[in-house]
Amino acid sequence: VQQIIVMLTTAFEVYARTRFVELNREGKTVNMEALYNRFIPKRYRKQFKEEVREIASKQEKTELEVFIEGIDRRRPINFQNWEDFKDAYNKGYGLKIGEIGIPNDILLEVQKFIKWRHKIIHSKDDQTIINFEEVPPAEPIFTNKDLAEKGLTVFQRFINEFHKATLRL
């Protein structure tokens, strides 16, 4: 079940990153300046822009593709980070995740699974109860078949609705 949580959030990340670039290929205008301003610290911004543009020219890629891929394995946007994900789509395309019609409970559940993935990856312990650290204490959530099925349902609903919203851009 822990591996399923990791795989679901990784699939979410890959989809979000891929769709971000696809939208530009589909003719949607991306606000590169807003992305640079949000994701690149001011003191590095000018140099980073120059490097991105140079690499894009040499590799015959778009500026956005190189920006998203990152430079020297440094990706400015971590699509497994909920705030980065939201801000990227908002700054880049003007898409506000909270305003596209996805029920709030689904948004909150996706965020929980992303948080749990981080917890699983960065802990040496087996996470049989995934929420044991919550304050105030909550009803225990066991990493069992029910949680795996819930994760699959939550991510499917989110991605389906999110994709529909991107088609309306």
Side-chain angles (χ1 to χ4, degrees), residues 1-40 48-49 52-53 55-56 59-71 73-122 127 130-131 141 143-169:
V1 171
Q2 291 178 59
Q3 189 59 37
I4 289 169
I5 291 170
V6 170
M7 288 187 303
L8 286 170
T9 54
T10 300
F12 167 82
E13 173 195 22
V14 170
Y15 166 78
R17 186 174 51 246
T18 302
R19 186 67 185 136
F20 198 81
V21 174
E22 279 177 354
L23 286 167
N24 189 243
R25 288 186 191 134
E26 292 171 4
K28 308 300 185 257
T29 302
V30 66
N31 186 339
M32 288 302 301
E33 202 57 37
L35 292 175
Y36 284 116
N37 289 341
R38 164 55 179 90
F39 292 102
I40 308 300
F48 191 84
K49 280 183 192 179
V52 165
R53 290 172 179 158
I55 292 168
Q59 295 181 1
E60 297 183 9
K61 293 182 177 180
T62 67
E63 183 179 357
L64 178 63
E65 287 172 313
V66 175
F67 182 89
I68 295 298
E69 290 170 5
I71 298 174
R73 294 188 187 169
R74 292 174 295 144
R75 288 188 173 148
I77 303 173
N78 174 4
F79 284 98
Q80 260 186 26
N81 175 298
W82 184 255
E83 293 305 315
D84 277 12
F85 163 73
K86 282 187 347 180
D87 288 351
Y89 276 91
N90 183 15
K91 301 293 184 192
Y93 294 108
L95 183 68
K96 294 181 179 176
I97 304 304
E99 297 177 4
I100 59 177
I102 298 173
N104 198 46
D105 62 324
I106 296 296
L107 296 176
L108 293 172
E109 289 296 326
V110 167
Q111 292 173 68
K112 280 184 194 176
F113 277 95
I114 290 171
K115 182 177 82 176
W116 292 339
R117 177 253 172 224
H118 184 77
K119 185 179 188 179
I120 290 165
I121 292 296
H122 297 287
Q127 303 292 326
I130 201 74
N131 67 333
I141 299 174
T143 52
N144 57 22
K145 182 181 176 189
D146 291 341
L147 184 63
E149 288 172 352
K150 180 179 184 177
L152 182 59
T153 300
V154 162
F155 277 102
Q156 282 177 330
R157 284 192 62 199
F158 178 85
I159 295 296
N160 286 336
E161 292 304 315
F162 178 77
H163 193 77
K164 288 177 194 172
T166 66
L167 294 173
R168 294 189 298 265
L169 284 175

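Source: prediction; values computed, not measured.
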Trainee: For Arg157, is there an ion pair with Glu109 - N to carboxylate O distance below 4.0 angstrom?
Mentor: no
Trainee: Using a 4.5 Å cut-off on heavy atoms from C-beta on, say whether the side chain of Tyr15 contacts that of Phe79.
Mentor: no
Trainee: Is the shortest side-chain heavy-atom distance between Glu161 and Ile100 below 4.5 Å?
Mentor: no
Trainee: Roughly how far, to the nearest 0.5 Å, is the CD1 atom of Ile130 from the CD1 atom of Ile5?
Mentor: 5.0 Å
Trainee: I need the Leu8 CG to Thr153 OG1 distance, nearest 0.5 Å.
Mentor: 9.5 Å
Trainee: Any chance you could lay out the ring-ring contact (aromatic ring centres under 6.0 Å, His included) test for Phe85 and Phe12, step after step, and finish with the verdict?
Mentor: CA-CA 10 Å; Phe85 163 73; Phe12 167 82; 5.0 Å; yes
Trainee: Are Thr9 and Trp116 side-chain neighbours, meaning at least one heavy-atom pair lies under 4.5 Å?
Mentor: no
Trainee: Does the ring center of Tyr93 lie less than 6.0 Å from the ring center of Phe20?
Mentor: yes
Trainee: Could you state the interatomic distance from CD (Glu63) to CD1 (Ile68), rounded to the nearest 0.5 Å?
Mentor: 11.0 Å
Trainee: Taking all atoms of both residues into account, what is the closest heavy-atom pair of Pro76 and Gly70, and its distance?
Mentor: CD-CA, 3.9 Å
Trainee: Determine whether Glu26 and Arg19 make a side-chain contact, defined as any pair of heavy atoms from C-beta on separated by less than 4.5 Å.
Mentor: yes
Trainee: Does the side chain of Val30 come within less than 4.5 Å of Leu23's, by heavy atoms?
Mentor: no
Trainee: Answer whether the closest heavy-atom distance between the side chains of Phe113 and Leu147 falls below 4.5 Å.
Mentor: yes
Trainee: What closest approach, in Å, do Ala148 and Ile4 show between heavy atoms, and which atom pair accounts for it?
Mentor: CB-CD1, 3.9 Å
Trainee: Please answer whether the main-chain N or O of Gln156 pairs with a side-chain N or O of Asn160 as donor and acceptor at a distance below 3.5 Å.
Mentor: yes
Trainee: With rounding to the nearest 0.5 angstrom, report the CD1 to CD1 distance, Ile97 to Ile102.
Mentor: 6.5 Å
Trainee: Strictly distance-based, threshold 3.5 Å: is any side-chain N or O of Asn24 a donor or acceptor partner for the main-chain N or O of Lys28?
Mentor: yes
Trainee: I'd like to know if Arg25 pairs up with Glu22 as an ion pair, taking the criterion as any Lys NZ or Arg NE/NH1/NH2 lying under 4.0 Å from an Asp or Glu carboxylate oxygen.
Mentor: no
Trainee: Apply side chain to side chain contact (heavy atoms under 4.5 Å, CB included) to residues Arg75 and Arg17 and explain how you reach the verdict.
Mentor: CA-CA 11 Å; Arg75 288 188 173 148; Arg17 186 174 51 246; 3.0 Å; yes
Trainee: Can you tell me how far apart CD (Glu13) and CD1 (Ile114) are? Round to the nearest 0.5 Å.
Mentor: 9.5 Å
Trainee: How many angstroms lie between NZ in Lys49 and CD in Glu33, if you round to the nearest 0.5 Å?
Mentor: 3.5 Å
Trainee: Any heavy-atom pair between the side chains of Met32 and Leu35 that's under 4.5 Å?
Mentor: yes
Trainee: What is the ring orientation for Tyr89 with Phe162, classed by angle as parallel under 30°, tilted 30 to 60°, or perpendicular over 60°?
Mentor: perpendicular
Trainee: More than 12 heavy atoms of other residues, nucleotides or ligands under 6.0 Å from CD of Glu83: is that the case?
Mentor: yes
Trainee: Side chains of Thr10 and Gln80: closer than 4.5 Å at any heavy-atom pair?
Mentor: yes
